[in-house]
Amino acid sequence: MPDKITIKGTVVDKNSLPVAGATVVAKDRPALGGTVTDHKGHFTFAAPLGTILQISFVGYAPEEKAIDAQTEWIITLQEDNNVIDDIVVVGYGVQKKESVIGAISQVKGDELVDSGTTNLKNALAGKVSGMSVISSSGAPGEIDSQTSILLRGLSSWKGNSPLVMVDGIERDMASLSPNEVASISVLKDASATAVYGSKGANGVILITTKTGVKGKPKFKVNVEYSANTPMFPVEHVDAPTIINMANIAYRNAGSFGSLYSDDIIKQYADQSNPLRYPDVNWYELMTKDFSSSVNADFSMVGGSNKVRYYIGVGYVHDGSILKEVTKGTNYQYDKFNYRVNLDWDITKSTSLSFKFGGATQISRRLNSTATSSTLFSTMYQAPSVSYPAYYPAWALGYYPDPDYPTAEEIRIADNQGCVYENPYSYLMDADYRSTMTNRLMTDVILKQDLNFITKGLSFSAKVGLTSNYSRIAKQADQQQLRWDIVWDAVDLGNPQVWRWEGNSNYVYNEKPYAVTQNNSPSGIEFISYYEASLNYARKFSKKHNVTALALYNQRQVNSGSSFPKRNQSFVGRLTYDYKGKYLFEANLGVTGSEQFAPSNRYGVFPSGAVGYYISKEPFWQKAMPWWSTMKIRYSNGWVGSDASSAQWLYYSAWKKDGNYIKEDGIANLEAKWETAHKQDLGIEMGWLQNTLTLNVDFFDETREDIFLPPIVTMFVGGVGYKEVNMGAVKKHGMEIELNYSNSTRNGFHYNAGVMFGLNENRITRFNDAPYIPAYQKTVNTQYGAPRTGNTLIDDKYFNSIDELHGYPLYTKEWTNITPGIYKFLDYKPDGIIDITDLHTLDGSTYAPVTYSFNLGFSYKGLTFKTLWTGTIGKYINYRRASIIPFYAGDLVVHAAHLNYWRPDNHNSDIPALSFNDQMYAWSGGTSKYPGYDLALPGYTWRKSDYLTIKEVMLAYKFSGSKIKRALGVESLGVTLSCNNLWTFFNSSLKDTDPQRLTTASNYYPTMRILKLSVNLAF
């Protein structure tokens, strides 16, 4: 036999990530044997010159390469879309897809990049069955904080957000770029999440960042520009319409002396005197048609026999649709993210990894508003006919100011005593703040093979440090005066007609404008994490696969001057399968929390799962060779949560009251873990070599011992109590994933998929107040449903005086009962309409049904993808100025108010026009935020189902020798994409995003993102 040549190779995927477990054999020469790649994708193989090696792995197209003089190989496997992906990241490890018996969904990094958004949360929308991604704001710097994720609906009023783990450590995903993410796994059931103990009750999102591979450096550069436009622009109602509607409201109330004359209406219409009779379109005045964003990413991946590296840096700039009237007074967001992942093989059995990543974020906002909600709520609820946005400089020529005879400036208009501030003043004031936030994540991981003790045994240790530091980098703080012209003084010919903020006798001296480098800290957090584990993985007799895990970790959070928060966990896992057909898994999480007294401090959360891979049975393969996959799995177990509104429940809280120290929150020594008992039955099917796949999951969850404030029926001198375990919620549902993927002989690939999720919940235990009627109790109602509802009967309104007679009396606070008001149901019934007629309504602001579908194709360098997402059964709290014209007495009218009740229009969207809020106030609440409590189906409680064209992407990739000769690069890609292209929804919802939960506040609008990307690989 000729001399053998030893090949040292690395097998990677298209993202240059190692492929562990790939098979390497000599083609047609079985005598030479074979090998598999290790967890780093490495293999060694000895064979004579000219031997053809075959490299294969489930989910990838096989590769062949002949042995020549080159002894160091890098083999890149391309995905085979006819075979499902084989490796899945699970809690504290990885498993082969075929052996997974938990409810786990996985999203590849490429899918996140193709989404057209730089925000990871929004990039996940529509890609995971049972996941809801709810975004209420598109403001630069606010998107992540105003976006929430739910898995399988609502379970607890103490929080429903899933645990997020970045490279195995609990962290925020805000600092990550989609370009540095290799994959995301979403764990849903108890068998997958029990190892996280007290953190896993709401599901777990595992984010794995990219790592290096052996080979020459490979570089990627990606540059993107996007134009962003509001998805739901506010429709302006002109001044004559508003004034005419105000006259109708005055007539309805009999206030004829308040009517506007025809001459005034004419001046509002022709705008001959816009300072006195304005018609301000606040959105047109204050916003641009679009904003711009820029994103740039650079990465380098490579390595040697000993060291592998991934280096990535990125930059994001998000501009604002607000006009910058005064320099700096605007919203803007800049982020610099970076990552260095280094893997070092110290010896053949010892490896050391360093992961270093983070981001520097600079967020600029108006200093007088904590979020964009304040500004945009003011824009929506400020009257457009009561005062101008500002008095231009030429106004001082017409109406001189004797106190300031040389003044020529623009003057901000006072709000004339209206409820909301003049919105334009927020942009005119030199009043803004730039906050710099630095997030740093540092991990050190040691792995040691212990095969010298027993084959398959290994040890791992990890130290993770996370720091978050925020400071005010720049601040300007100067508010200008608000002015108004006293028109009565103008009519009388008085020399002084100007008045500033209600004062006409004092001459104001303006303060100098200054921008300061504040540098004061606004947030400091340091998190330390320590982990040690023993892992075991071994196959016996080529039939029995056994894995085991024993792990310990502890975490401490130091935030500002607060006391540290600590927890620790012990984790165990055992898996077994026989020939990959009969599957078993047992998990145990033991978690300690400082929230509870020593007797209840540790929670024990076990889980188990079994599976049967029927399609691997010979009888199945013989009888139904076209039925490629058939697996049934079932899991059952417990997870927990220690979420509470107070720290250290077993200690009393104290506070200073004058010269005394008194007990403020009496300790709860019996406080214990909130627990979730979860069950999941899953069926995985595939046909025609898994060209067509169908996965179905049925789940059930019972959440017990949720914390609630206790109801104290006796007088205890004003002393409060810490929360007690009194609540319970039951939830169940199902998920469906259907996918079809195929290719033609000439290389045209096409795919389609559908995801569907259904969940329903009920509150089974709650601390309702004693003696309230059953229909007003929270128990046995849907969590998230409104509890201050009423129902309209007959034709919804009283349409005549005759209908008013004989109907139950309204509360004594009602003074204006006329035709055109709501006809409420006397639910009690006791002959009067009051708060005892309020009851729980059906529905929730969180959709019970979510769905998505995707289509795509690729041919040579051309790729097209589209993703649609939607909901069924969702409602929105349509509150405040959205439903009530002339809200709080101001002359505010919106498009939703135009179809009002009249004697000739009984099929209206709102009642007869009125300046009186009594139809809503009787239910409780306030005329200010968050508004009145009354929920009326079809009115203040409206359906808001929607279907959104979430993503559309068209890309072309130039590659091959021609592009390399022309530009010196391996490939050049050009991509045009759009995120949030269009939304179909209930037409009665005016001026709002149907994804939102309430219109009590108005946020910076959700943006439609049209993006052009250019990427290079070399």
Side-chain angles (χ1 to χ4, degrees), residues 237 241-261 265 383 385 419 788-838 878-927 931-942 988:
V237 178
T241 300
I242 295 174
I243 299 303
N244 280 308
M245 289 175 66
N247 278 348
I248 294 173
Y250 285 131
R251 292 190 187 98
N252 290 341
S255 302
F256 297 101
S258 301
L259 295 176
Y260 291 92
S261 67
I265 296 174
V385 298
V419 174
T788 53
N790 195 275
T791 304
L792 301 180
I793 61 173
D794 300 333
D795 295 328
K796 314 297 184 185
Y797 307 103
F798 289 102
N799 291 321
S800 68
I801 293 292
D802 293 337
E803 290 186 23
L804 289 168
H805 294 290
Y807 194 74
L809 297 174
Y810 284 83
T811 56
K812 62 183 180 180
E813 289 81 8
W814 285 53
T815 58
N816 188 25
I817 301 176
T818 62
I821 65 171
Y822 291 130
K823 185 184 284 189
F824 294 109
L825 173 66
D826 185 13
Y827 195 87
K828 193 172 181 180
D830 59 356
I832 190 170
I833 302 296
D834 59 16
I835 60 172
T836 63
D837 295 303
L838 299 176
Y878 208 61
R879 309 179 76 174
R880 303 183 81 193
S882 297
I883 185 68
I884 308 175
F886 311 121
Y887 189 75
D890 288 346
L891 294 177
V892 180
V893 171
H894 295 298
H897 307 148
L898 299 180
N899 183 23
Y900 53 89
W901 185 94
R902 300 185 301 274
D904 61 346
N905 180 30
H906 297 173
N907 187 27
S908 61
D909 294 331
I910 63 171
L913 296 174
S914 173
F915 284 96
N916 194 319
D917 293 347
Q918 292 174 350
M919 278 183 289
Y920 304 92
W922 66 275
S923 64
T926 173
S927 63
Y932 297 117
D933 295 337
L934 182 63
L936 290 174
Y939 294 86
T940 59
W941 183 245
R942 299 192 182 189
S988 72

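Residue numbers start at 1 and run along the sequence shown.
Within the model, atoms OH of Tyr878 and OG of Ser988 stand 6.5 Å from one another, a figure rounded to the nearest 0.5 Å. Note that the OG atom of Ser923 and the CD1 atom of Ile833 stand 12.5 Å from one another [nearest 0.5 Å]. Rounding to the nearest 0.5 angstrom, the gap separating the CG atom in Leu913 from the CE atom in Met245 is 4.5 Å. To the nearest 0.5 Å, atoms CG (Asn799) and CZ (Arg902) are separated by 12.5 Å. Note that the OH atom of Tyr939 and the CD1 atom of Ile883 stand 8.5 Å from one another [nearest 0.5 Å]. Separation of atoms CD1 (Ile793) and CZ (Phe824) is listed at 11.0 Å; rounding is to 0.5 Å.
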Carefully, step by step, assess Phe886 and Leu891 under the rule side chain to side chain contact (heavy atoms under 4.5 Å, CB included). CA-CA 5 Å; Phe886 311 121; Leu891 294 177; 4.1 Å; yes

Do Arg879 and Asp933 pass the side chain to side chain contact (heavy atoms under 4.5 Å, CB included) test, and can you show the C-alpha distance, the side-chain angles, and the key distance before you say yes or no? CA-CA 9 Å; Arg879 309 179 76 174; Asp933 295 337; 3.5 Å; yes

Please evaluate residues Thr818 and Asn252 with respect to the criterion side chain to side chain contact (heavy atoms under 4.5 Å, CB included), reporting the C-alpha separation (whole Å), side-chain torsions for both, the decisive distance (0.1 Å), and the verdict. CA-CA 8 Å; Thr818 62; Asn252 290 341; 5.6 Å; no

Check the pair Trp922, Asn790 against side chain to side chain contact (heavy atoms under 4.5 Å, CB included), reporting the backbone distance first and the verdict last. CA-CA 11 Å; Trp922 66 275; Asn790 195 275; 4.1 Å; yes

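Between Phe256 and Arg251, some side-chain heavy-atom pair lies under the 4.5 Å cut-off. Side-chain contact between Asp909 and Leu898 is absent, with no heavy atoms from C-beta onward closer than 4.5 Å. Residues Thr241 and Val893 form no side-chain contact, since every pair of their non-hydrogen atoms from C-beta on lies 4.5 Å or further apart. Residues Asp826 and Asp837 form a side-chain contact, since some pair of their non-hydrogen atoms from C-beta on lies under 4.5 Å apart. Asn907 is not listed as a side-chain neighbour of Asn899, based on a closest heavy-atom distance of 4.5 Å or more.
In this structure, a donor-acceptor pair under 3.5 Å is absent between the side chains of Thr940 and Tyr932.
Distance alone, capped at 3.5 Å, places no donor-acceptor pair between the Asp917 side chain and the Tyr887 backbone. Judged by distance alone, with hydrogens and angles left aside, the side-chain atoms of Asn244 form no donor-acceptor pair with the main-chain N or O of Ile248 at under 3.5 Å. Not one N or O on the side chain of Asp795 forms a donor-acceptor pair closer than 3.5 Å with the backbone of Tyr797. Without hydrogens or angle criteria, Asp890 side chain to Val892 main chain gives no donor-acceptor distance under 3.5 Å.
Taking each heavy atom of Ala888 and Val419 in turn, the nearest pair found is CB-CG2, 3.6 Å. Nearest approach of Ala896 to Ser882, heavy atoms of both residues: CB-O, 3.5 Å. Across all their heavy atoms, His894 and Val237 have their closest contact at C-CG2, 3.6 Å. Between Pro819 and Ser800, the shortest heavy-atom distance links the atoms CG-C, 3.8 Å.
Note on ring orientation: taking the six-membered ring where Trp is involved, the planes of His906 and Trp901 are parallel (angle under 30°, cut-offs 30° and 60°). Classification of the Tyr260-Tyr250 ring pair by plane angle, with boundaries at 30° and 60°, yields tilted.
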